[in-house]
S.K.: 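Mind having a look at this structure? Questions to follow.
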Amino acid sequence: MSDLFTHGYALLIGVGNTADPGYSLPETVTDAEALKDVLTDANFCAYPNTPDHVRLLKNQGATRSAILEDLDWLKGCADADPEATIVIYYSGHGGFHDASNAYYLVQHDFNEQAILQTALLAETLNEKLRNIKAKRLWVIIDIVISNKNETLSCTISANNLIKRCGRMRIHYSSL
């Protein structure tokens, strides 16, 4: 395969090292980089290996504001390209805030003392995803549900998420 897939756009997030070392997962960067390699390999997906098509956020670059800005960038890509195929990959910690009954993702600048103000709330992510009107949208969320090193019991209703996003397939496995 020698032609590039110019309708391909991706946001790959490997949170890696966080401001609070208790939430760091350095191997998430390796995973996001490996997915980037597959997406940009001319023998596989052939996405152009440019920031206009593939963006990788990792370590200090994987902030809440950077993630939200790049989700808006993907919306713009989909709006400008009716044939857009979009991949969003997140790898890091996730959690559940009992007091507000809210799921969230942890990014580099997450502050455990101000979860609702600093985490990427699932509701905010869902709103951003609903606004991306791509022909094809593939979202992969690879999270460790925990509060630092304490694993929490967590059940996510796939049907509820599908109703809220409209088009989502969830693959779940546990160790």
Side-chain angles (χ1 to χ4, degrees), residues 1 3-16 25 27-58 61-96 102-108 110 119-145 154-174:
M1 176 188 296
D3 293 341
L4 293 178
F5 181 59
T6 59
H7 299 291
Y9 306 92
L11 172 57
L12 311 173
I13 305 157
V15 174
L25 291 169
E27 59 276 8
T28 62
V29 172
T30 305
D31 294 343
E33 290 172 337
L35 183 54
K36 181 181 181 192
D37 290 344
V38 170
L39 289 172
T40 59
D41 187 315
N43 295 308
F44 293 106
C45 300
Y47 281 42
N49 193 3
T50 68
D52 291 335
H53 287 272
V54 179
R55 296 191 179 176
L56 174 64
L57 299 178
K58 60 184 181 178
T63 63
R64 183 179 187 279
S65 63
I67 293 168
L68 293 173
E69 286 171 20
D70 280 353
L71 288 168
D72 289 340
W73 163 73
L74 286 173
K75 179 193 181 308
C77 293
D79 290 347
D81 182 352
E83 296 297 313
T85 293
I86 292 178
V87 175
I88 301 169
Y89 174 78
Y90 170 90
S91 186
H93 274 284
F96 182 76
Y103 290 97
Y104 61 88
L105 300 178
V106 172
Q107 70 289 326
H108 176 77
F110 170 78
L120 179 55
L121 299 177
E123 187 163 323
T124 302
L125 178 61
N126 284 337
E127 180 181 321
K128 293 288 186 180
L129 294 175
R130 280 192 296 269
N131 289 329
I132 298 173
K133 305 296 184 196
K135 185 171 184 178
R136 287 170 294 278
L137 176 61
W138 185 27
V139 179
I140 307 158
I141 299 177
D142 179 9
I143 60 172
V144 174
I145 301 287
C154 179
T155 303
I156 299 174
S157 166
N159 288 333
N160 191 22
L161 283 172
I162 290 167
K163 286 178 192 170
R164 297 185 78 195
C165 284
R167 52 190 172 150
M168 180 182 287
R169 187 170 308 268
I170 297 174
H171 298 274
Y172 173 76
S173 66
S174 60

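All residue numbers in this chain count up from 1 along the given sequence. Just so it is clear, the structure is predicted and the values come from calculations on it, not from any experiment.
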S.K.: I want to check something: taking the side chain as every heavy atom from C-beta on, are Leu68 and Leu120 in contact at a cut-off of under 4.5 Å?
M.R.: yes

S.K.: CD1 of Ile143 to CG of Leu25: how many Å apart, nearest 0.5 Å?
M.R.: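 Here the rounded value is 11.0 Å.
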
S.K.: Distance-only, no hydrogens or angles: does the Thr28 side chain make a donor-acceptor pair with backbone N or O of Gly16 under 3.5 Å?
M.R.: yes

S.K.: Between Leu56 and Ala32, what is the shortest heavy-atom contact and its length?
M.R.: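 Minimum heavy-atom separation between Leu56 and Ala32: CD1-CB, 3.6 Å.
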
S.K.: For the atom pair CD (Glu69) and CG (Leu11), what is the distance rounded to the nearest 0.5 Å?
M.R.: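 One gets 11.5 Å once the value is rounded to the nearest 0.5 Å.
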
S.K.: Taking the inter-plane angle between the rings of Tyr9 and Trp73 on a 0 to 90° scale, is it parallel (under 30°), tilted (30 to 60°) or perpendicular (over 60°)?
M.R.: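 Ring orientation, 0 to 90° scale: perpendicular.
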
S.K.: If you round to the nearest 0.5 Å, how far is CG of Leu39 from CZ of Phe5?
M.R.: 10.5 Å

S.K.: Please evaluate residues Lys36 and Asn49 with respect to the criterion side-chain contact (heavy atoms from CB on, under 4.5 Å), reporting the C-alpha separation (whole Å), side-chain torsions for both, the decisive distance (0.1 Å), and the verdict.
M.R.: CA-CA 8 Å; Lys36 181 181 181 192; Asn49 193 3; 3.2 Å; yes

S.K.: Salt bridge check, Asp72 against Lys128: does any charged N sit closer than 4.0 Å to a carboxylate O?
M.R.: yes

S.K.: For the residue pair Val15 and Tyr90, establish whether any side-chain heavy-atom pair is separated by less than 4.5 Å.
M.R.: yes

S.K.: side-chain contact (heavy atoms from CB on, under 4.5 Å), that's the test. Do Ile132 and Ile88 meet it? Break it down for me.
M.R.: CA-CA 11 Å; Ile132 298 173; Ile88 301 169; 4.1 Å; yes

S.K.: Give the intermediate values and the outcome of side-chain contact (heavy atoms from CB on, under 4.5 Å) for residues Lys135 and His7.
M.R.: CA-CA 10 Å; Lys135 185 171 184 178; His7 299 291; over 6 Å; no

S.K.: For the CD1 atom of Ile67 and the CD1 atom of Ile13, what is their distance to the nearest 0.5 Å?
M.R.: 4.5 Å

S.K.: State, to 0.1 Å, how close Ser91 and Asp31 come at their nearest heavy-atom pair, and which atoms those are.
M.R.: OG-OD2, 4.1 Å

S.K.: Using every non-hydrogen atom in the two residues, find where Ala134 and Ile86 come nearest and quote the distance to one decimal.
M.R.: CB-CD1, 3.8 Å

S.K.: Does any part of the side chain of Ile141, heavy atoms only, come nearer than 4.5 Å to the side chain of Leu105, both counted from C-beta?
M.R.: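 In short, these two side chains touch, coming nearer than 4.5 Å.
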
S.K.: Hey, what do you get for CG (Asp52) to SG (Cys77), rounding to the nearest 0.5 Å?
M.R.: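 So the gap between those two atoms works out to 8.0 Å.
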
S.K.: Near Glu127 CD, under 6.0 Å, is it more than 12 heavy atoms from other residues, nucleotides or ligands?
M.R.: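 Open: at most 12 neighbouring heavy atoms sit under 6.0 Å from CD of Glu127.
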
S.K.: Can you give me the closest heavy-atom contact between Ala66 and Gly61, atom names plus distance?
M.R.: CB-O, 3.4 Å

S.K.: For Thr85, which residues count as a side chain to side chain donor-acceptor pair (under 3.5 Å) partner, sequence neighbours excluded?
M.R.: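 Result, side chain to side chain donor-acceptor pair (under 3.5 Å) vs Thr85: Arg136.
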
S.K.: State whether the side chain of Arg64 and the backbone N or O of Ala119 hold a donor-acceptor pair below 3.5 Å, judged by distance alone.
M.R.: yes

S.K.: In Å, rounded to the nearest 0.5 Å, how long is the span from OG1 of Thr63 to NE2 of His108?
M.R.: 8.5 Å

